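Below is one structure, written out as structure tokens; comments come after it.
Nothing here was measured: the structure is a model prediction, and the numbers come from that model. Letters A, B, ... are given to chains in the order of the sequence lines, protein chains preceding strands, and every chain is numbered from 1.
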2 protein chains.
Amino acid sequence: MFAEPKKYNTATTADTQEHEADQAESLQRKFDQMRKFNDSIPLKLLKARETTMSFFRPILQEAGLTEQQWRVIRALNEYEELESKQLAELCCILSPSLTGIINRLESQGHLKRRKSTEDQRRVLISLTDQAKELFKELSPRLEGRYGDLTNQISKEKLQQLNELLSEIINLEP
Amino acid sequence: MFAEPKKYNTATTADTQEHEADQAESLQRKFDQMRKFNDSIPLKLLKARETTMSFFRPILQEAGLTEQQWRVIRALNEYEELESKQLAELCCILSPSLTGIINRLESQGHLKRRKSTEDQRRVLISLTDQAKELFKELSPRLEGRYGDLTNQISKEKLQQLNELLSEIINLEP
DNA sequence: AACAAATACTTAATATGTTAATGAGATTTT
DNA sequence: AAAATCTCATTAACATATTAAGTATTTGTT
């Protein structure tokens with residue numbers, strides 16, 4: 001990390017007047033109770049994801065693929081053909097982003113799009129043989145790295161983590 | 001979610017020839033053992049983060065701030081003055097992105113930048129009074145939402161999650 | 001002191017994230 | 001059936017993510 005900073009802001013400029021000592025003590029107590037910047041679950045989720053992705057980035061970069069592009073290829077390899085909307089939900093990518101990702105993957109010859117015959121609004125997407133080959137090349141290496149990652153954590157903890165994340169994912173604001 | 005898709009791709013076009021039944025059985029077994037798309041830790045971390053952020057987005061959007069801008073303000077409120085590099089590491093934002101974020105926050109009057117006197121390369125960043133006021137307005141509402149989030153999970157699970165995430169963050173690829 | 005190497009930040013180029021608006025096609029309502 | 005409504009995908013506009021390259025400043029070497 002980096003050297004610990006020196007000063008704090010207790011954000012209490014509108015406090016009532018007290019004796020200086022009491023005020024300082026009060027502010028100190030308030031500060032200790034305050035949730036610290038690094039105690040944020042969303043931030044820790046972000047950092048944890050960052051660490052995990054660092055295991056795979058080099059391989060994907062070498063293959064000329066982005067994280068998101070690989071996520072799309074991976075999903076299509078499993079589900080054969082998907083609507084754009086399904087793909088977006090599976091991959092956790094918003095529709096406007098997905099449109100661009102699909103365009104680029106299509107122009108690289110990695111996937112095909114066709115319109116649904118029943119509902120002309122829907123777009124059906126599937127991998128080309130070229131992309132299936134690419135998947136077979138990359139998948140073992142990436143699975144190996146996934147193993148390197150998960151082997152550093154006990155099976156129990158890994159399952160705990162999976163369950164806790166599922167619980168969070170299913171919360172509703 | 002959405003209706004479960006129908007077909008699967010077992011990605012084994014290069015297999016040796018077998019009796020059809022045996023082959024189908026073999027592929028089925030292989031498929032069952034295969035790690036599924038949704039079993040990915042990085043993806044679940046992404047989705048979990050997405051769920052948690054949905055608690056706060058409306059408030060931030062109403063205030064005209066992005067997630068990243070709020071992260072920067074929050075860090076600066078706690079550490080008073082930080083170098084760009086420290087801010088980047090704390091907030092998990094890469095330097096090139098941070099440059100733009102700082103530019104926009106500065107032009108909105110939310111923060112000040114000055115060059116370090118000892119090391120002219122370093123940029124020191126701090127909040128304006130305006131931003132400190134903004135923080136005091138938003139912070140309670142956001143903390144309230146944070147409470148709504150964490151109250152749906154037991155304290156034990158919450159601590160477990162924090163520990164597991166810390167463990168992951170400290171892994172090295 | 002002069003030079004190479006390292007550091008902090010910025011710029012550039014491309015891809016994606018995010019919200020709002022649009023357009024085309026299906027559904028519902030009257 | 002025509003109008004209003006809804007849905008899916010795309011476009012638009014801006015912010016951020018990512019990698020590479022560039023600039024200025026500092027540090028290390030000789």
So which of residues 97-110 of chain A are in contact with DNA chain C, with a heavy-atom cut-off of under 4.0 Å?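 Going residue by residue through residues 97-110 of chain A, the ones with a heavy atom under 4.0 Å of DNA chain C turn out to be Ser97(A), Ile101(A), Arg104(A).
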Of the residues in residues 114-124 of chain B, which ones touch DNA chain C at a heavy-atom distance under 4.0 Å? Arg121(B), Arg122(B), Val123(B)
How would you give the extent of chain A contacts on DNA chain D, as first and last nucleotide 5' to 3' within a 4.0 Å heavy-atom cut-off? dT7(D) to dA20(D)
Just do the side chain to side chain donor-acceptor pair (under 3.5 Å) check on Lys44(B) and Ser166(A) with the steps written out, would you? CA-CA 7 Å; Lys44(B) 293 191 80 166; Ser166(A) 294; 2.5 Å; yes
Could you walk me through whether Val72(A) and Leu98(A) satisfy the side-chain contact (heavy atoms from CB on, under 4.5 Å) test, starting with their C-alpha distance in whole Å, then the side-chain angles of each, then the deciding distance to 0.1 Å, before giving a yes or no? CA-CA 9 Å; Val72(A) 166; Leu98(A) 190 57; 3.9 Å; yes
Pair assignment for DNA chain D - dot-bracket with | for other-strand partners, Watson-Crick or G-U under 3.5 Å: ||||||||||||||||||||||||||||||
Taking it one step at a time, do Arg141(B) and Glu62(B) satisfy salt bridge (Lys or Arg N to Asp or Glu O under 4.0 Å)? CA-CA 12 Å; Arg141(B) 297 177 59 194; Glu62(B) 183 187 332; 3.3 Å; yes
For the residue pair [X] and [Y], what are the closest heavy atoms and their distance?
| X | Y | answer |
| --- | --- | --- |
| Phe56(A) | Leu142(A) | CE2-O, 3.5 Å |
| Ile41(B) | Tyr146(A) | CG1-OH, 3.0 Å |
| Phe37(A) | Cys91(B) | CZ-SG, 3.9 Å |
| Arg113(B) | Ile125(B) | CB-CG1, 4.3 Å |

Show, in sequence, the C-alpha distance, side-chain angles and deciding distance for His110(A) and Leu127(A), and conclude whether the side-chain contact (heavy atoms from CB on, under 4.5 Å) test is met. CA-CA 6 Å; His110(A) 286 319; Leu127(A) 293 184; 5.7 Å; no
Salt-bridge criterion met for [X] and [Y] (N-O under 4.0 Å):
| X | Y | value |
| --- | --- | --- |
| Glu78(A) | Lys36(B) | no |
| Lys112(A) | Glu106(A) | no |
| Glu133(B) | Lys136(B) | yes |

Measure CD/Glu83(A) against C1'/dG25(C) and give the value in whole Å, please. 14 Å
Atom pair distance, as rounded to whole Å: CG in Leu46(A) and C1' in dG17(C):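 After rounding, the reported distance stands at 13 Å.
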Heavy atoms only, 4.0 Å cut-off, all strands: where does Ser95(B) land among base, sugar-phosphate and nothing?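 Base, at least one base atom sits under 4.0 Å.
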Tell me which pairs pass salt bridge (Lys or Arg N to Asp or Glu O under 4.0 Å) where either residue lies in residues 63-74 of chain B, with sequence neighbours left out.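 Sorted pair list: Arg49(B)-Glu67(B), Arg57(B)-Glu67(B).
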Strand contacts (DNA chain D) in residues 49-74 of chain A, 4.0 angstrom heavy-atom criterion: Arg57(A), Gln61(A), Glu67(A)
Applying the side-chain hydrogen bond (donor to acceptor under 3.5 Å, both in side chains) criterion to Gln159(A), which one of Glu156(A), Lys155(A), Lys157(A), Glu163(A) satisfies it?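 The residue from Glu156(A), Lys155(A), Lys157(A), Glu163(A) that satisfies side-chain hydrogen bond (donor to acceptor under 3.5 Å, both in side chains) with Gln159(A) turns out to be Glu163(A).
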Just how far is it from atom CG of Leu164(A) to atom CG of Asn162(B), taken to the nearest 0.5 Å?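 Answer for the CG-CG pair, Leu164(A) versus Asn162(B), is 10.5 Å.
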Show, in sequence, the C-alpha distance, side-chain angles and deciding distance for Ser40(A) and Arg35(A), and conclude whether the side-chain contact (heavy atoms from CB on, under 4.5 Å) test is met. CA-CA 8 Å; Ser40(A) 158; Arg35(A) 186 167 61 90; 3.5 Å; yes
